[in-house]
Protein chains: 2
Amino acid sequence: MESILLKIKRLYPEMGSSERKIADWLTANFQEIIGLSINELATRCGCGEATIVRFSRRLGLSGYQELKLKIAQESANTAQGGVLGVESTDSCYDIFNKRIRDIAVALENTKTVLSPDEIEKAANVIKDARRIVIFGLGNSASIAVDAQHKFLRAGLDAIAYCDNHMQAIAASHLHKGDVAIGVSHSGASIDVVDALKTARETGATTICITNFGESPINEHSDIVLNTRSDETKYTILAMSSRIAQLAIFDAIYTYIVMHSNKAAVRAIKDAETALHSKKYIQN
Amino acid sequence: MESILLKIKRLYPEMGSSERKIADWLTANFQEIIGLSINELATRCGCGEATIVRFSRRLGLSGYQELKLKIAQESANTAQGGVLGVESTDSCYDIFNKRIRDIAVALENTKTVLSPDEIEKAANVIKDARRIVIFGLGNSASIAVDAQHKFLRAGLDAIAYCDNHMQAIAASHLHKGDVAIGVSHSGASIDVVDALKTARETGATTICITNFGESPINEHSDIVLNTRSDETKYTILAMSSRIAQLAIFDAIYTYIVMHSNKAAVRAIKDAETALHSKKYIQN
DNA sequence: AAGATATTTTGAAAATTTTTTTCAAAAATA
DNA sequence: TATTTTTGAAAAAAATTTTCAAAATATCTT
């Protein structure tokens, strides 16, 4: 949807001099309109009220009221400034707000480094895999578990291994047609990298999900899915990159459901109905 | 800044029955107010116009006009796009892009229903807890595991139980000074609700993380942390609400680290250095 | 427990403010 | 100069806010 400012810019040539005064004032004082009545604005712009209504109509709105409402909506997004670091005086709610900013930024960045081709390939390989094993340790363990959960719901044969011994064993027992997925933010987790290497040697297809850049895990991966987050503080948790990882798995899961044969879709419906008896209320 | 919805929730007890009708209607039809005049809203709520003005004033606003403007601002993110449906012709990358939109919207919405007071209370209770148990089943299991992982890193005594029998047992063995956290998007997962109820009976402090609205789990929780996502499609995965849950836990974790005594901070540093030997490269 | 009194809550109607429409004058264009 | 377009003051309409008395509720008294 075209924004108000953009519309103003586009329609500017068609306006008369009085309407242009309104356009100019609004361009300079966008949000300020929210607190003004139509005649206050008319005074500021040096024009009549009727001209303001006409101006609003030109933008495709019903009148001044709607103009104000629309600008209120649009300025809500713009208003936020860009500070990141958590201060020791921050309330927990403050920290939450900063975190969700981080997440939004990381997701946008990931969009720029995630290859459309690679993720499409990954989704299809997983969809048709005989067996899927997912490796994640420590911080990435919950991502692996989450992915397992999703794939199981889609009727796939998936297991997450979050223990380095189990990973090594599982990797060595794979075959051609199987898929091994390694999750590691740094791409340098010894055990996960080794497990992926082993998996590849068995003939399995290997996929990694890791932060953008050179890393050991890429060398052992047939398909590389990159995230991108510029975390500097508390990087151990790599919170926002993990959200990006989750989003990638979610997209793959959704894709598989959409492209699956009836049986797999039924598996999802089955999973949902199975849950109903476990709820006090029926959603 | 406290959101309108939060203010409504907080001031609800002080309202008379007519004002509550407005509060209820608004909670259910938040954005819809933008298109309504005061008497249209009065009709819908079954009350007089004056009551709506009084209601607005109670929220600290000058009147109905400002209420409408404020809601327009807050619903800006929600209003755009809404829930983006995934089409069967979408590429995996397309789906990813739609997903990250959903996530951004859910996070913004959660900001408006998450009570600053409650999350602050939760963080402090957890920080000083003798023992923390976290309950999550199915979809919420990975969130519980993630939270456990974070709290362990902060040097806290935390365990996640993702099995209904273990949850029941663990809950019954708590004491005053312990904290039980239940994670459930619907707030209606029988086993988690029961475990939280049991936990409370032992004298433990109970916290729930659930989607905004009435739900069984609230009744057994001393502290309620709300998320908000309007998922209609693929609601079984409740993806975006889970991201919001993760962000809440992350904020609490970060807050605890910031406010902990030296020992706990050292515990984090310890955890980080312990990981270094497990990496091929040093970050 | 019943009744009386005070307080609070409420909405209809009046008052006010805001927005929109009308229309003739001014400006621009042909 | 004639025609069209643009404009704003004033009128009309609509929306919002205020006032105030009735209704509901709570508190006190006996």
Side-chain angles (χ1 to χ4, degrees), chain A residues 4 7-75, chain B residues 4 7-75:
Chain A
I4 297 290
K7 266 188 200 155
I8 291 176
K9 206 174 166 188
R10 177 166 57 83
L11 298 168
Y12 197 81
E14 301 172 20
M15 296 175 192
S17 68
S18 268
E19 282 189 48
R20 284 183 183 188
K21 279 194 252 173
I22 304 168
D24 293 338
W25 189 93
L26 265 182
T27 305
N29 313 75
F30 195 58
Q31 303 159 251
E32 226 164 289
I33 194 183
I34 295 167
L36 304 178
S37 71
I38 194 170
N39 72 72
E40 286 173 316
L41 180 62
T43 308
R44 266 156 231 251
C45 295
C47 69
E49 288 126 355
T51 306
I52 290 175
V53 174
R54 268 190 297 266
F55 174 87
S56 306
R57 299 262 162 82
R58 191 191 290 281
L59 302 182
L61 309 170
S62 69
Y64 180 65
Q65 284 218 63
E66 203 185 341
L67 175 68
K68 232 161 73 166
L69 248 10
K70 277 277 189 301
I71 288 179
Q73 291 185 309
E74 287 187 15
S75 68
Chain B
I4 298 291
K7 269 189 198 152
I8 291 175
K9 204 176 167 187
R10 176 166 58 81
L11 298 168
Y12 198 81
E14 300 171 22
M15 296 175 192
S17 68
S18 268
E19 282 190 49
R20 283 182 183 190
K21 279 193 251 173
I22 304 168
D24 292 339
W25 190 92
L26 266 182
T27 304
N29 313 75
F30 196 59
Q31 306 156 247
E32 226 163 290
I33 193 183
I34 295 168
L36 302 178
S37 71
I38 195 169
N39 72 72
E40 285 173 316
L41 180 61
T43 308
R44 266 154 231 252
C45 295
C47 69
E49 287 128 356
T51 306
I52 290 175
V53 174
R54 267 191 297 268
F55 175 86
S56 307
R57 298 262 161 83
R58 191 191 289 283
L59 303 182
L61 309 170
S62 67
Y64 179 66
Q65 285 216 65
E66 203 184 342
L67 176 68
K68 232 163 71 168
L69 246 10
K70 278 276 188 302
I71 288 179
Q73 288 184 307
E74 287 187 15
S75 68

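In what follows, every chain begins at residue 1, and chains take the letters A, B, ... in the order their sequences are listed. Only this structure's heavy atoms are used, side chains among them; waters, hydrogens and symmetry mates stay out.
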| field | Residues that Arg10(B) engages under salt bridge (charged side-chain N to carboxylate O under 4.0 Å, His left out), provided they are two or more places apart | value | Glu2(B)
| query | With sequence neighbours left out, what residues match Glu40(A) under salt bridge (charged side-chain N to carboxylate O under 4.0 Å, His left out)? | reply | none
Show every donor-acceptor pair shorter than 3.5 Å between a side-chain atom in residues 22-29 of chain A and any protein atom, with sequence neighbours excluded, or say none if there are none.
from, atom 1, to, atom 2, distance (Å)
Asp24(A), OD1, Tyr12(A), OH, 2.8
Asp24(A), OD2, Tyr12(A), OH, 3.3
Thr27(A), OG1, Ala23(A), O, 2.7

| Do any side-chain nitrogens or oxygens of Ser17(B) fall under 4.0 Å of OP1 or OP2 in dT10(C)? | yes
| remark: Residue set satisfying salt bridge (charged side-chain N to carboxylate O under 4.0 Å, His left out) with Glu66(A), at least two apart, ordered chain then number -> Lys70(A)
| remark: Glu49(A) meets the side chain to side chain donor-acceptor pair (under 3.5 Å) criterion, sequence neighbours left out, with none
| remark: Per-nucleotide protein contact along nucleotides 11-26 of chain C, 5' to 3', at a 4.0 Å heavy-atom cut-off (B base, S sugar-phosphate only, - neither), is BB-----SBBBB----
| task | Please state how far atom CD1 in Ile52(B) lies from atom C1' in dT10(C), giving the value in whole angstrom units. | result | 12 Å
| remark: Separation of dA27(C) atom C1' from Arg20(A) atom CZ, nearest Å, is 15 Å
